[in-house]
**Q** 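Here you go, one structure.
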Amino acid sequence: MKGYLKKGVSLFLVVSVTALGLAGCGTEKKEDAVKASAPVESADLEALLDSKAAGGSAVDKAETVYVEMDADGEVTGTTVSDVLSTSGKENISDYSELSDIVNISGEEQFAKNENGELVWENKGSDIKYQGTTTKETPVSVHVKYFLNDQEMKADELAGKSGKVRIVYSYENNAKDQEGNFIPFLFLTGMVLDDNFSNVTVENGKVIGQDGKQIVIGYGVPEFQNYLTDHLDGIESYLDKIDLPETVTVTADTKSFSTSMAVTIATSNIGDLDLTDTLDFSDIKSQMAELQSGGEQLEAGAGTLLAGTETLKAGTGALKDGAVQLKDGSIKLHDGTSELLEKYQLFHTGILSGSEDLKTGAKKLYDGSVTLASGAKSAADGADQLSSGLKSAEAAFEDTKKSQGLVSGSKTLKDGITTVNKGVGQMVQTFSATPDTIQAQIDGVIGQVSQATGGAIGSEAALNQTIQDIENAVKGGAPLEAVLTSVGLNTDAYYTLLQAYYSVQTLEAVKSTFTQQIQKNAADIQALTDGLTQLETGAAALSGGISQLYAGVKQLSAGADSLSDKTKGLPALEDGAKTLKTGLKTLYDGTDSMNSSLSTNSPKIKSGISKLDSGAAQLENGSKELSDGAGDLDGGVVTLIDGVKELEGGLAKLNNEGIDRITDIFGEKVPDVADTVNSALDRGKNYRSFSGIRDGMTGSVKFIFRTAEVTAE
């Protein structure tokens with residue numbers, strides 16, 4: 001849009017573009033004809049403003065008027081510096097109304113006639129001289145200070161804190177010999193240190209540099225009135241555009257003080273630091289070009305919207321993957337928590353059952369001893385044996401209060417198998433996440449490669465391109481020129497910029513996952529190995545308990561038959577000997593099993609507890625990832641909404657702004673061109689303030705220096 005505005009219909013478009021261009025300019029030190037005692041940053045600031053106000057072709061006499069003011073804007077002195085360009089070997093004739101003239105660049109002497117004519121020696125170098133005057137300047141600057149909305153003088157404000165407001169107002173009384181208005185552009189700059197925060201400026205820009213804040217504002221006093229007086233029907237258009245006559249700086253201050261503020265006023269508006277000069281010779285075709293440019297902007301916004309929607313698809317996929325991981329980790333944590341809870345019941349039941357089994361085996365053994373002591377007590381021993389076997393059988397079976405050994409061992413085996421599978425799936429999902437994220441990055445790079453015709457086909461090329469552009473802009477080069485030098489337009493640049501930040505975000509997420517995987521690799525491997533061993537042991541335990549239960553049931557049935565005195569007693573004596581030996585082995589085995597369970601069951605419980613704790617940490621981490629992916633996805637949604645708003649705004653600009661310009665001026669375009677060109681020409685033809693010889697070409701600018709405010 002700027003390229004079209006610079007060729008625009010009225011001068012206010014030029015002023016707006018000039019002010020907006022200040023944000024990208026740097027500082028350049030220049031030799032100052034007047035030796036001032038201001039801080040270094042004030043000299044740099046003056047050079048910055050001068051670099052924007054300077055321009056135009058070389059002239060015979062270049063004049064700079066320095067107006068020194070106190071902090072409240074009262075003029076304390078006026079000094080004028082002139083530069084005479086030399087050519088040939090003849091002495092140089094000049095005219096000046098200045099007093100106390102001094103050559104500040106060489107040894108050339110001059111003679112001054114009564115009529116004010118100066119004749120300077122010519123030694124082949126430009127002559128720089130300065131002098132003083134009490135003549136009132138045709139343009140002026142006024143300044144007011146407010147603290148918490150109360151106006152006060154500069155010395156009253158010094159050192160105070162609060163909400164401060166500084167208002168610079170500009171006055172233009174410049175006229176040519178026929179009394180016609182001469183337009184002037186005012187540029188004001190000041191440097192604020194770290195005593196100021198939340199700095200804003202109305203009709204200007206705030207530029208951060210070297211830890212300080214440079215404030216630059218602009219104004220074109222009386223120009224809006226000039227356009228209104230000379231162009232019928234323009235009022236409705238100018239009501240939408242503000243051609244400012246003041247600059248207002250607002251900030252919070254801890255201890256108010258300022259260095260010197262500088263204002264430059266120039267009438268060479270048509271020759272400012274613009275890419276294209278104003279040319280109204282073919283204004284109708286330029287307005288058509290302006291309309292075409294608006295349509296291209298509107299189309300470009302549509303392309304940008306499509307790119308952001310493509311980015312949204314990628315972040316949506318990442319968000320879905322993060323949600324799946326979160327859901328899986330929640331299920332895993334729920335499973336480990338349930339396993340821990342059930343194992344607590346099993347732990348209690350298996351220890352109790354093991355103790356019951358040991359007690360029953362002891363009774364069985366005692367009974368077999370009794371049975372073997374003699375046939376006389378055979379019946380009593382058989383009864384005890386049957387009772388003991390039933391107690392042992394009960395230890396294997398479930399009750400209302402606890403699980404038996406058979407069910408409990410199966411529950412333990414199934415639970416550990418489920419956990420082992422869940423952990424394996426979780427580890428696989430967690431390990432594959434970096435590859436999933438890399439696929440997203442590759443997708444974005446692929447889109448960039450397609451969008452640039454293969455010119456940028458890798459992440460490194462994308463990063464280097466963005467960094468080169470940013471470094472060039474930080475170095476002071478205009479963004480538009482930098483993009484042109486690398487074969488990009490603004491739309492392509494913002495598409496690349498979006499892709500760049502998307503890749504940076506995805507790389508950060510991938511790096512976090514990779515670091516976590518590497519950091520916890522040993523623990524994860526130990527966990528999976530331990531679960532595999534635990535699963536194998538639980539299966540063996542369950543099978544052994546089932547076999548033991550079957551044997552006890554058979555033994556119990558035999559004991560029942562043995563206790564039947566009508567059938568079992570004849571074979572009792574021989575069987576009792578064998579039974580005694582077997583029951584001794586059973587008792588020793590139950591005692592060993594009871595001791596082993598007492599030692600190992602707490603260890604199993606502790607391992608499940610650690611597994612549950614790890615699953616909880618995984619759940620929390622996956623939730624944070626899911627939230628982060630959601631935030632990223634939400635940020636892209638916000639970006640899409642912003643691009644849609646931009647697209648709508650550009651459409652409105654094209655339909656209601658640019659079209660309205662053409663509707664307003666219509667057949668009056670020649671009158672508009674003549675009016676604007678006349679004002680610009682008068683500005684260019686304003687040659688001198690302190691006097692100039694007829695026939696000499698000249699230029700003049702005014703530099704107003706507002707004194708610093710120091711907190712004692």
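Only this structure's heavy atoms are used, side chains among them; waters, hydrogens and symmetry mates stay out. Along the sequence shown, residues carry numbers from 1.
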**Q** Compute whether any side-chain donor of one residue and acceptor of the other, for Thr79 and Gln130, lie under 3.5 angstrom apart.
**A** no

**Q** I'd like to know if the side chain of Gln213 reaches the main chain of Phe196, judged simply by a donor and an acceptor atom lying under 3.5 Å from each other, with no hydrogens or angles considered.
**A** yes

**Q** By the side chain to side chain donor-acceptor pair (under 3.5 Å) test, which pairs, at least two apart or in different chains, include something from residues 191-200?
**A** Asn198-Asp252

**Q** Taking it one step at a time, do Ser690 and Thr133 satisfy side chain to side chain contact (heavy atoms under 4.5 Å, CB included)?
**A** CA-CA 8 Å; Ser690 64; Thr133 182; 5.9 Å; no

**Q** Can you name the closest pair of heavy atoms from Met190 and Ala261 and give their distance?
**A** CB-CB, 4.1 Å

**Q** State, yes or no, whether a side-chain contact exists between Pro221 and Glu171 at a heavy-atom distance under 4.5 Å.
**A** no

**Q** Inspect the surroundings of CD in Gln150 and state if more than 12 heavy atoms from other residues, nucleotides or ligands are less than 6.0 Å away.
**A**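 Check fails, neighbour count at 12 or below.
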
**Q** For Ala499 and Val448, work out which heavy atoms get closest and say how close.
**A**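 Of all heavy-atom pairs spanning Ala499 and Val448, the closest is CB-CG2, 3.4 Å.
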
**Q** With a 4.5 Å heavy-atom cut-off, do Leu98 and Asp82 have their side chains touching?
**A** yes

**Q** Measure across Thr465 and Leu488 and return the closest heavy-atom pair with its distance rounded to 0.1 Å.
**A** CG2-CD1, 4.4 Å

**Q** Holding to salt bridge (charged side-chain N to carboxylate O under 4.0 Å, His left out), I want the full list of residues that pass it with Arg682, two or more places apart in sequence or in another chain.
**A**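 Partners of Arg682 by the salt bridge (charged side-chain N to carboxylate O under 4.0 Å, His left out) criterion come out as none, since no residue qualifies.
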
**Q** Without hydrogens or angle criteria, can the side chains of Glu68 and Thr76 be said to hold a donor-acceptor pair below 3.5 Å?
**A** no

**Q** So Leu496 and Thr452, do their side chains get closer than 4.5 Å, heavy atoms only?
**A** yes

**Q** About how many Å separate CD of Glu63 and NZ of Lys701, when rounded to the nearest 0.5 Å?
**A** 10.0 Å

**Q** Mind checking what makes ring-ring contact (aromatic ring centres under 6.0 Å, His included) contact with Phe146, not counting sequence neighbours?
**A** none

**Q** Going from OG1 on Thr137 to CZ on Phe704, what distance comes out if it is rounded to the nearest 0.5 angstrom?
**A** 4.5 Å

**Q** Starting from the C-alpha separation in whole Å, work towards a yes-or-no answer on side-chain hydrogen bond (donor to acceptor under 3.5 Å, both in side chains) for Gln515 and Ser511.
**A** CA-CA 6 Å; Gln515 291 173 2; Ser511 176; 3.3 Å; yes

**Q** Please output the side-chain donor-acceptor pairs of residues 155-162 that fall under 3.5 Å, not counting sequence neighbours, one pair per line with the distance.
**A**
| unit_1 | atom_1 | unit_2 | atom_2 | d |
| --- | --- | --- | --- | --- |
| Glu156 | OE1 | Lys153 | N | 2.9 |
| Lys160 | NZ | Glu156 | O | 2.5 |

**Q** Please check if any side-chain donor atom of Thr132 sits under 3.5 Å from a side-chain acceptor atom of Asp100, or the reverse.
**A** yes

**Q** Which residue pairs pass the ring pair (Phe, Tyr, Trp, His ring centres under 6.0 Å) test with at least one member in residues 152-173, sequence neighbours excluded?
**A** Tyr170-Phe186

**Q** Filter on salt bridge (charged side-chain N to carboxylate O under 4.0 Å, His left out), then keep only pairs touching residues 463-477, sequence neighbours left out; what's left?
**A**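 Matches after skipping sequence neighbours: none remain.
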
**Q** Output all residues satisfying ring-ring contact (aromatic ring centres under 6.0 Å, His included) with Phe689, sequence neighbours left out; order by chain, then residue number.
**A** Phe702

**Q** Is the closest side-chain heavy-atom distance between Asp72 and Tyr145 below 4.5 Å?
**A**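 Side chain of Asp72 against side chain of Tyr145, heavy atoms only: contact under 4.5 Å found.
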
**Q** If you look only at pairs with a residue in residues 133-150, which of them pass as a salt bridge (charged side-chain N to carboxylate O under 4.0 Å, His left out), with sequence neighbours excluded?
**A** Glu97-Lys135, Asp149-Arg165

**Q** Any chance you could measure Tyr218, atom OH, to Thr246, atom OG1, to the nearest 0.5 Å?
**A** 10.5 Å

**Q** Would you mind reporting whether Leu227 and Leu243 have side-chain heavy atoms less than 4.5 Å apart?
**A**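 SC-SC contact between Leu243 and Leu227 confirmed.
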
**Q** Under the side chain to side chain donor-acceptor pair (under 3.5 Å) test, which residues partner Asn225, sequence neighbours left out?
**A**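 For Asn225 the side chain to side chain donor-acceptor pair (under 3.5 Å) partners, ignoring immediate neighbours, are Glu222.
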
**Q** Once rounded to the nearest 0.5 Å, what's the spacing between atom OG1 of Thr490 and atom CG of Leu479?
**A** 6.5 Å

**Q** How many angstroms lie between atom OH of Tyr501 and atom CD1 of Ile466, to the nearest 0.5 angstrom?
**A**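 These two atoms lie 8.0 Å from each other.
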
**Q** So which heavy atom on Lys163 is nearest to which on Thr250, and how close?
**A** CD-CG2, 3.7 Å

**Q** Which atoms form the tightest heavy-atom contact between Thr710 and Glu708, and what is the distance?
**A** OG1-OE2, 3.6 Å

**Q** Go through the steps for Val444 and Leu462 under the test side chain to side chain contact (heavy atoms under 4.5 Å, CB included), then give the verdict.
**A** CA-CA 11 Å; Val444 174; Leu462 173 62; 5.5 Å; no

**Q** So, using side chain to side chain contact (heavy atoms under 4.5 Å, CB included) as the criterion, who are the partners of Asn489 when residues are at least two apart?
**A**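 Checked Asn489 against side chain to side chain contact (heavy atoms under 4.5 Å, CB included); matches are Asp491, Ala492.
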
**Q** Output all residues satisfying ring-ring contact (aromatic ring centres under 6.0 Å, His included) with Phe181, sequence neighbours left out; order by chain, then residue number.
**A**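 Applying ring-ring contact (aromatic ring centres under 6.0 Å, His included) to Phe181 gives Tyr226.
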
**Q** My understanding is that only residues two or more places apart in sequence, or in another chain, count here; which of them pass ring-ring contact (aromatic ring centres under 6.0 Å, His included) with Tyr686?
**A**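 Counting only residues at least two positions away or on another chain, Tyr686 forms a ring-ring contact (aromatic ring centres under 6.0 Å, His included) with Phe184.
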
**Q** Run the numbers on Asp126 and Ser85 for side chain to side chain contact (heavy atoms under 4.5 Å, CB included), then give the verdict.
**A** CA-CA 5 Å; Asp126 291 349; Ser85 297; 4.2 Å; yes

**Q** Of the non-hydrogen atoms in Ser267 and Ile182, which two are nearest, and what is the gap between them?
**A**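 Here Ser267 and Ile182 meet closest at CB-CG2, 4.1 Å.
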
**Q** Drop me the distance from Phe256's CZ to Ile166's CD1, to the nearest 0.5 angstrom.
**A**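 Nearest 0.5 Å value for the CZ-CD1 distance: 4.0 Å.
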
